[in-house]
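The structure displayed is predicted, hence computed values, not measured ones.
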Amino acid sequence: MGQLQGKVAIVTGGGSGIGKGIALAFAAEGCGVVLAGRTLSRLEQAATEIRALGVECLAVGCDVTDEAQVMALFEQTMSSFGRLDILVNSSGAFDDAPLEELTMAQWNNVLGACLTGPFLCTREAFKIMKPAGGGRIINIGSISASRTRINMAPYTAAKFGVWGLTQAAALEGRDYGIAVSCLHPGNTAVERRMSSGRESDAEPMIPTADMARVALLMATLPPGANMLEAIVLPLGQLYIGRG
């Protein structure tokens, strides 16, 4: 207990799924949390659960694809807490279709939420963490960053990009004490997947709490260490050789 006592984290996509699971795990270790996402009502519900753990929590409606809203998110965090130790980029979007049927709206929605958002948030975090002497950024990638499935071009491209952004940011941040990591989830029992009816969502799943345990490990490593990449998936999931 108390591994993150006195620290502050921004968790995008923190109102549900993996983001919420990570926010709860951090809060249980004493971390103040700023939840960001598009649906404020969902964020407020999650914030109530987090405050029940005895830590401060701020819910901020924010579309991470909007530069002005992202800048305002970080300004509000600093105004409320005066510091930022951890950023978790967990916001995302999913859309699948054959390439010839994909619309620009579908492409831009997925790339915006999954890749542009993490870029904008990482940029703003660097502006705070560099002068402060360090921090941690955890990007939520996907096993789709290495092995895709059919009809998933936008999501696959975005998650490949997240892994590339992670490496670029880790390189730029290391001389300033900023550790940047990428957590690649396999099948995880988030709300969207449990109710989708897709055949792939009948495969083995792991709970969001298991994913959050790995994120917590990344966040609590000694300052001189970084877990650059982690792949976490159900033991029975088809991954090597998946189709």
Side-chain angles (χ1 to χ4, degrees), residues 4 7-23 25-26 31 33-38 62-65 67 70 73-74 77 84-94 110-130 134-148 152 154-174 176-186 188 190 208 210-221 225-233:
L4 295 175
K7 295 191 175 183
V8 174
I10 290 176
V11 182
T12 71
S16 61
I18 292 172
K20 180 182 176 182
I22 291 172
F26 285 9
C31 190
V33 180
V34 179
L35 300 176
R38 294 177 180 176
C62 178
D63 180 348
V64 297
T65 69
E67 183 177 25
V70 170
L73 165 66
F74 283 78
T77 298
L84 175 65
D85 303 281
I86 306 165
L87 165 65
V88 179
N89 284 311
S90 187
S91 285
F94 180 86
V110 176
L111 268 290
C114 292
L115 184 55
T116 301
F119 154 67
L120 289 172
C121 291
T122 297
R123 185 187 70 182
E124 296 309 304
F126 263 51
K127 294 176 183 178
I128 297 168
M129 292 177 176
K130 273 190 175 184
R136 289 194 179 270
I137 298 173
I138 301 171
N139 294 322
I140 304 303
S142 170
I143 58 173
S144 291
S146 57
R147 290 174 177 86
T148 189
M152 288 181 59
Y155 191 74
T156 297
K159 292 305 184 178
F160 264 84
V162 168
W163 175 223
L165 174 65
T166 299
Q167 295 175 77
L171 182 60
E172 290 194 32
R174 66 185 185 186
Y176 300 92
I178 304 172
V180 187
S181 310
C182 194
L183 172 55
H184 296 294
T188 307
V190 299
T208 56
D210 287 349
M211 209 62 63
R213 290 175 64 186
V214 181
L216 180 62
L217 174 59
M218 289 175 160
T220 55
L221 288 171
N226 182 28
M227 185 187 297
L228 180 63
E229 182 182 24
I231 296 172
V232 181
L233 68 167

### Task
Could you walk me through whether Leu73 and Val34 pass the side chain to side chain contact (heavy atoms under 4.5 Å, CB included) test, one step at a time?
CA-CA 9 Å; Leu73 165 66; Val34 179; 3.9 Å; yes
### Query
Quick check: does any side chain N or O of Ser181 sit under 3.5 Å from a backbone N or O of Leu228, one acting as donor and the other as acceptor?
no
### Task
Keeping the roles fixed (side chain from His184, backbone from Ser142), state whether a donor-acceptor pair exists under 3.5 Å.
yes
### Summary
side chain to side chain contact (heavy atoms under 4.5 Å, CB included) test vs Thr188 passes for just one of Ile18, Val232, Asp210, Leu233, namely Ile18
### Query
About how many Å separate CD1 of Ile10 and OG1 of Thr77, when rounded to the nearest 0.5 Å?
3.5 Å
### Message
Run Lys20 and Leu35 through side chain to side chain contact (heavy atoms under 4.5 Å, CB included) and show every step you take.
### Response
CA-CA 8 Å; Lys20 180 182 176 182; Leu35 300 176; over 6 Å; no
### Query
Would a 4.5 Å heavy-atom cut-off, applied to side chains only, mark Pro185 and Ile143 as touching?
no
### Query
So, Thr12 side chain and Ala36 main chain: donor-acceptor pair closer than 3.5 Å or not?
no
### Interatomic spacing from CD1 in Ile140 to SG in Cys182 - rounded to 0.5 Å
7.5 Å
### Query
Would you say the side-chain atoms of Asn89 pair up with the backbone N or O of Thr122, donor to acceptor, closer than 3.5 Å?
no
#### Entry: Exercise: identify the closest heavy-atom pair between Ala113 and Gly92
CB-C, 3.7 Å
### Query
Taking only residues two or more places apart in sequence, or in another chain, which ones meet Glu67 in a salt bridge (Lys or Arg N to Asp or Glu O under 4.0 Å)?
Arg123
### Task
For Val190 and Ser16, run side chain to side chain contact (heavy atoms under 4.5 Å, CB included): C-alpha distance rounded to whole Å, both residues' side-chain angles, the deciding distance at 0.1 Å, then the answer.
CA-CA 8 Å; Val190 299; Ser16 61; over 6 Å; no
### Message
Can you give me the closest heavy-atom contact between Gly141 and Val162, atom names plus distance?
### Response
CA-CG1, 4.2 Å
### Query
Do Leu4 and Thr220 have side chains that get closer than 4.5 Å, going by heavy atoms?
yes
### Message
Using a 3.5 Å distance criterion without hydrogens, assess whether the side chain of Lys159 forms a donor-acceptor pair with backbone atoms of Ser146.
### Response
no
### Task
Kindly compute the distance separating CE (Met218) from CD1 (Ile137), expressed to the nearest 0.5 Å.
13.0 Å
### Message
Taking Ser144's backbone N and O only, do any of them form a donor-acceptor pair with Thr148's side chain (distance below 3.5 Å, no angle check)?
### Response
no
### Query
To the nearest 0.5 Å, how far apart are CG in Leu183 and OG in Ser90?
9.0 Å
### Shortest non-hydrogen contact from Arg136 toward Leu221
NH2-O, 3.1 Å
### Message
Less than 4.5 Å apart, side chain to side chain, heavy atoms only: is that true for Cys114 and Phe94?
### Response
no
### Task
Could you tell me the separation between the CG atom of Leu216 and the CZ atom of Phe26, rounded to the nearest 0.5 Å?
6.0 Å
### Query
With sequence neighbours excluded, what pairs up with Glu124 under the salt bridge (Lys or Arg N to Asp or Glu O under 4.0 Å) test?
Lys127
#### Entry: Of all pairs that satisfy side-chain hydrogen bond (donor to acceptor under 3.5 Å, both in side chains), the ones with a partner from residues 162-174, not counting sequence neighbours
Asn139-Thr166
### Summary
Ser91 and Gly13 have their tightest heavy-atom pair at OG-N, 2.9 Å
#### Entry: Minimum-distance pair of heavy atoms, taken over all atoms of Cys121 and Val64
SG-CG1, 4.2 Å
### Task
Work out which heavy atom in Met129 is nearest to a heavy atom in Ile178; give both atom names and the distance.
CB-CD1, 3.7 Å
### Message
Counting C-beta onward and ignoring hydrogens, is there a side-chain heavy-atom pair between Phe119 and Val70 closer than 4.5 Å?
### Response
no
### Task
Would you give the length of the straight line joining atom OG1 of Thr65 to atom CG of Leu120, rounded to the nearest 0.5 angstrom?
8.0 Å
